[in-house]
Amino acid sequence: NTFTVQYGVLDNVTLSASLPFVAKTALLQDKTATGLGDVNFGARWEPFSLKQGRLPLILFGSLSTKTGDSPYDIGIDELSTGKGYYSVGAGASTRKYIDPVVLFTSVSASYGLKESGLNQLRGSRILESFDPGLSGGFSFGFAYSFNYDVSLTMSYQQSFNTNAEFTFRNTTTKERESFSPADQSSSEGKMAEFAFSKSLIAAKKRSAITRSNIAYALFVLFCFWAGAQMLSMLVHAPGVFEHLMQIQDNSSPRIKIGL
């Protein structure tokens, strides 16, 4: 559970704070961990006033603490309630209204501060420091309104993590060595959510959802799913894009003129 408090300092500035309580269970190891997670602070700013024809721009920033149990200060077989380091982040988001559809997109990045002075035994090595590196991502999607009571939301998310580094000291040779895990990238394009603003079972008469609205929503849903699958394929297999470009280049007509 996470308790969040928001306070509007100005008409276009909002401050927030989140207090998470974490409970984890490892069934195979028969272990549990409960406690306070990492407290987060955030700010949201809308620099421009809303005007017709102008896309709204929202800038946001965040600060994540390490108030939870760090995974680098406990045994490797124990469960943690936090990530173990401070991080700062920033991003921007916007949206576009095309009745009855709302298009939205956002981009964000986060930088983790290096943790040193660690002393965690991992096999024959001792972890002395950890640099989380840079992480970020982007997302986009749409929300479709069937009527005043029912809406559908779907989005695509792409995230990455790079430049992470672990520093170990060998307990036998006393030498230090660094290890950088491979850059990670993940995507998710199957997030769909139906929202009902009122109970479906009520005495009041509801306006019926027409067949044309349902057909149009299913068509948009299929197009979005197909586009997300193609984008995911290009991201995870960069050679496909180059191959397609070569095919297009080879199939185009060529004219040679010699003297």
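Just so it is clear, the structure is predicted and the values come from calculations on it, not from any experiment.
Stacking of K51 on the aromatic ring of F48 is not recorded, the 6.0 Å distance cut-off and the 45° axial limit not both being met. A cation-pi arrangement is present between R125 and F168, with the terminal nitrogen or guanidinium carbon under 6.0 Å from the aromatic centre and inside a 45° cone about the axis.
The shortest side-chain heavy-atom distance between Y97 and V102 falls under the 4.5 Å cut-off. F130 places none of its side-chain heavy atoms less than 4.5 Å from the side chain of T167. Residues F166 and L127 form a side-chain contact, since some pair of their non-hydrogen atoms from C-beta on lies under 4.5 Å apart. The shortest side-chain heavy-atom distance between V9 and T14 does not fall under the 4.5 Å cut-off. Side-chain contact between L118 and D73 is present, with heavy atoms from C-beta onward closer than 4.5 Å. Inter-residue side-chain proximity for F60 and S108 is flagged as met; some heavy-atom pair is nearer than 4.5 Å.
In terms of modelled atom types and a separation under 3.5 Å, the side chain of T105 and the main chain of S139 share a donor-acceptor contact. Between the T81 side chain and the L36 main chain, a donor and an acceptor come within less than 3.5 Å of each other. Without hydrogens or angle criteria, R95 side chain to L57 main chain gives no donor-acceptor distance under 3.5 Å. The closest donor-acceptor contact from the side chain of N40 to the backbone of D38 lies under 3.5 Å. A donor-acceptor pair is defined here as one N or O able to donate and one able to accept, closer than 3.5 Å; no such pair exists between the side chain of K96 and the backbone of P56. No donor-acceptor pair under 3.5 Å is formed between the side chain of S106 and the backbone N or O of A92. Formation of a donor-acceptor pair under 3.5 Å by the D131 side chain with backbone atoms of N163 is not found in this model. Although no hydrogens or angles enter the test, the distance criterion places no donor-acceptor pair under 3.5 Å between the side chain of S159 and the main chain of G136.
Atom CG of residue L55 and atom CG of residue L50 lie 10.5 Å apart, to the nearest 0.5 angstrom. A distance of 13.0 Å separates CZ in R44 from OG in S62, rounded to the nearest 0.5 Å. Rounded to the nearest 0.5 angstrom, R169 CZ and R176 CZ are separated by 6.5 Å. Taking CG of N170 as the start and CD of E175 as the end, the distance is 7.5 Å to the nearest 0.5 Å. Note: Y144 OH to L103 CG = 13.0 Å, rounded to the nearest 0.5 Å. Within the model, atoms NZ of K83 and OH of Y72 stand 10.5 Å from one another, a figure rounded to the nearest 0.5 Å.
Here the closest non-hydrogen pair linking L79 and A26 is CD1-N, 3.9 Å. Scanning all heavy atoms of the two residues, the minimum distance from T2 to S18 falls at CG2-CB, 3.9 Å. Scanning all heavy atoms of the two residues, the minimum distance from S110 to L134 falls at O-CD1, 3.3 Å. Across L121 and I76, no two heavy atoms sit closer than the pair O-CG2, 3.9 Å. When every heavy atom of S70 is checked against every heavy atom of S80, the shortest pair comes out as C-CB, 4.0 Å. Residues V22 and G37 approach most closely at CG2-CA, 3.9 Å, considering heavy atoms.
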Checklist entry - Passes ring pair (Phe, Tyr, Trp, His ring centres under 6.0 Å), F104 versus F142? Steps please. => result CA-CA 6 Å; F104 55 87; F142 71 92; 8.0 Å; no
Next on the checklist: Test side chain to side chain contact (heavy atoms under 4.5 Å, CB included) on I58 and T94; report intermediate values, then the result.
Outcome noted: CA-CA 6 Å; I58 299 177; T94 187; over 6 Å; no
Item to check | Derivation and outcome, side chain to side chain donor-acceptor pair (under 3.5 Å), residues R122 and Q120 | outcome: CA-CA 6 Å; R122 296 191 175 188; Q120 185 183 56; 2.8 Å; yes
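Side-chain heavy atoms closer than 4.5 Å link hydrophobic residues (I, L, V, M, F, W, Y) into clusters, and following such links, possibly through other members, connects F179 to Y85. Taking hydrophobic clusters as Ile, Leu, Val, Met, Phe, Trp and Tyr residues chained together by side-chain heavy-atom distances below 4.5 Å, V5 does not share a cluster with L10. Taking hydrophobic clusters as Ile, Leu, Val, Met, Phe, Trp and Tyr residues chained together by side-chain heavy-atom distances below 4.5 Å, L19 does not share a cluster with Y7.
A perpendicular orientation is assigned to the rings of F21 and F3, their planes being inclined by more than 60° (bins at 30° and 60°).
Ion pairing between a basic and an acidic side chain is recognised when a charged N comes within 4.0 Å of a carboxylate O; K31 and E78 show no such pairing. Checked for salt-bridge contact, K66 and E115 meet the test: a charged N lies under 4.0 Å from a carboxylate O.
Summarising the local packing, CG of D11 is surrounded by 12 or fewer heavy atoms from other residues, nucleotides or ligands at distances under 6.0 Å. For K114, the NZ atom sits in a loose shell: 12 or fewer heavy atoms of surrounding residues, nucleotides or ligands are nearer than 6.0 Å.
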